[in-house]
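The residues of the chain are indexed from 1 along the displayed sequence.
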Amino acid sequence: LYPGEKIYHCSSGHSFDVARQKYINLLPVQQKKSLHPGDTKEMVEARYNFLSAGFYLPVLNKVCFEAEKVLIPGMNVLDAGCGEGYYLSGLEQRFGEKLNCYGIDISKDAVRFATRRSRKISWITATSAHIPFKDGVFDLLISMFAPVEGKEFWRVLKADGYFLQVSAGENHLIELKEIIYPEIVRKEKETSAEIKGFSLKRHEKISFTVALEKSNDVMALFSMTPHFWRISKEGAKAIKNTKCLTTTAEVVFNLYQKA
């Protein structure tokens, strides 16, 4: 595609409009699993407000630390499943002109919110299962609490490119779970799985405490998690009545390199 101010076009004559918010929708109908795929506007707004308050700043700091270790001038970075853009915009703010940043998410609402964080980043509505880029484009790909599409990630990374996977640990938000579920079933969680075509270079886990003193912050945290879709009526009532919460954030970082 050849970019213009208000439209992208290809040599065959197809065109894609640039939205007023300065993002482009490259998600074709056949790649949608529903009318409005991805997180809802309510979930995205909850995540935007929660992350903007700095509760997950230790996660952003760790992402920046890992990125700096592999940083090269002019590095191309893709956030696959960028959500409302907190982590990618944080990277862009830390390292500025050293990075060319691109964020994709299947949720149009998420991408719209992401444009509020930065207009320097190229935000795109697309799915990580079909990344709309050529082979071997990116030096670094990050996946923040999002599904891993190993084959596609391998395809779009350069030779020896890096993939940073960030996921929830076994005890992540355990105190929140104890409120919304009558019983917690503990299962051993694989946090450093092998991914075909990649070699694991570093595996690390961080833990920190999140203290929420307002019911709005409690609901925002709950609304941005997968538990939003699974909760019972009793659990929903319990979390709605929770005025404050101190919970554990346990986050796993895996740095892979393309083999």
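- Taking all atoms of both residues into account, the shortest heavy-atom contact from A238 to I179 is CB-O, 3.7 Å.
- Side-chain contact between Q257 and D160 is present, with at least one heavy-atom pair separated by less than 4.5 Å.
- Between the side chain of T127 and the main chain of A129, a donor-acceptor pair closer than 3.5 Å is present.
- Linking Ile, Leu, Val, Met, Phe, Trp and Tyr residues whenever their side-chain heavy atoms come within less than 4.5 Å places L140 and I121 in a single cluster.
- The distance from the CG atom of D17 to the CD1 atom of I24 is 8.0 Å, given to the nearest 0.5 Å.
- In terms of heavy atoms, A80 sits closest to S128 at CB-OG, 3.5 Å.
- Within 6.0 Å of NZ in K158 there are more than 12 heavy atoms belonging to other residues, nucleotides or ligands.
- Checked against the 6.0 Å centroid criterion, the rings of F133 and Y102 qualify as a close aromatic pair.
- Of the residues listed (N254, L157, L255), the one engaging F198 in a side chain to side chain contact (heavy atoms under 4.5 Å, CB included) is L157, and it is the only one.
- With hydrogens and angles ignored, the 3.5 Å screen pairs no side-chain donor or acceptor of R116 with any backbone N or O of G85.
- Not one N or O on the side chain of W123 forms a donor-acceptor pair closer than 3.5 Å with the backbone of D105.
- Looking at heavy atoms from C-beta onward, L245 lies out of side-chain contact with V210 at the 4.5 angstrom threshold.
- Remark: side-chain polar atoms of D139 are not paired, donor with acceptor, to backbone N or O of M75 under 3.5 angstrom.
- Rounding to the nearest 0.5 angstrom, the gap separating the CD atom in E68 from the CG atom in L91 is 10.5 Å.
- For E250 (side chain) and E170 (main-chain N/O), a donor-acceptor pair under 3.5 Å exists by modelled atom type.
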Yes or no on side-chain contact (heavy atoms from CB on, under 4.5 Å) for R94 and L99, after CA distance, side-chain angles and deciding distance?
-> CA-CA 10 Å; R94 298 281 179 97; L99 303 180; over 6 Å; no
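- A donor-acceptor pair shorter than 3.5 Å cannot be found between the side chains of E175 and T246.
- Residue F253 is grouped with residue L173 when hydrophobic side chains (ILVMFWY) are merged at heavy-atom distances under 4.5 angstrom, including chains of intermediate members.
- At a threshold of 4.5 Å between non-hydrogen side-chain atoms, the residues D109 and T40 do not count as touching.
- The aromatic rings of F145 and Y87 are tilted relative to each other, their planes meeting at an angle between 30° and 60°.
- Remark: the backbone N or O of A114 is not paired with any side-chain donor or acceptor of S118 at under 3.5 angstrom.
- We find the CD1-CD1 distance between I180 and I231 to be 4.5 Å, quoted to the nearest 0.5 Å.
- Side chain to side chain, Y23 and R112 meet the donor-acceptor criterion of an N or O pair below 3.5 Å.
- The SG atom of C64 sits 13.0 Å away from the NZ atom of K69 when rounded to the nearest 0.5 Å.
- Judged by the 6.0 Å distance and 45° axis criteria, R117 is positioned over the aromatic ring of Y48.
- To the nearest 0.5 Å, the span separating CG on L164 from CD1 on I142 amounts to 7.0 Å.
- Under the 4.0 Å criterion applied to side-chain N and carboxylate O atoms, R202 and E66 are assigned as salt-bridge partners.
- The shortest heavy-atom contact between H203 and L200 is CB-CD2, 4.3 Å.
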Please test E204 against K62 for salt bridge (charged side-chain N to carboxylate O under 4.0 Å, His left out), starting from the C-alpha separation and ending with a verdict.
-> CA-CA 10 Å; E204 192 172 344; K62 179 63 175 171; 2.8 Å; yes
Yes or no on side-chain contact (heavy atoms from CB on, under 4.5 Å) for N171 and K177, after CA distance, side-chain angles and deciding distance?
-> CA-CA 10 Å; N171 294 309; K177 295 176 186 176; over 6 Å; no
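- Checked for salt-bridge contact, E234 and K237 miss the test: no charged N lies under 4.0 Å from a carboxylate O.
- Pairing each heavy atom of Y2 with each of C10, the nearest pair is CD1-CA, 4.2 Å.
- Both M219 and L51 belong to a common hydrophobic cluster when Ile, Leu, Val, Met, Phe, Trp and Tyr are linked at side-chain heavy-atom distances under 4.5 angstrom.
- Here the side chains of M144 and V59 are in contact, with some heavy-atom distance below 4.5 Å.
- Taking hydrophobic clusters as Ile, Leu, Val, Met, Phe, Trp and Tyr residues chained together by side-chain heavy-atom distances below 4.5 Å, I7 does not share a cluster with I124.
- If you chain together ILVMFWY residues whose side-chain heavy atoms come under 4.5 Å of each other, V252 ends up in a group of its own.
- Atom CD1 of I104 is separated from atom OG of S122 by 12.5 Å, given to the nearest 0.5 angstrom.
- Within a 6.0 Å radius of NZ in K6, other residues, nucleotides and ligands contribute 12 heavy atoms or fewer.
- Residue pairs meeting the side chain to side chain donor-acceptor pair (under 3.5 Å) criterion with at least one partner in residues 206-222, sequence neighbours excluded, do not occur; the list is empty.
- Side chains of Y8 and V18 form a contact here, defined as non-hydrogen atoms less than 4.5 Å apart.
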Begin with the C-alpha distance, continue with both residues' side-chain angles, and end with the deciding distance and a verdict on ring pair (Phe, Tyr, Trp, His ring centres under 6.0 Å) for Y56 and Y86.
-> CA-CA 10 Å; Y56 273 18; Y86 174 71; 8.3 Å; no
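- Heavy atoms of other residues, nucleotides or ligands lying less than 6.0 angstrom from CZ of F65 number 12 at most.
- The aromatic rings of F222 and F228 lie tilted to each other, with the angle between the two planes from 30° to 60°.
- Counting all heavy atoms, side chain and backbone alike, W154 lies closest to K258 at O-NZ, 2.9 Å.
- Residues F163 and S143 approach most closely at CE1-CB, 3.6 Å, considering heavy atoms.
- If you chain together hydrophobic residues whose side chains sit under 4.5 Å apart, V166 and F55 fall into the same group.
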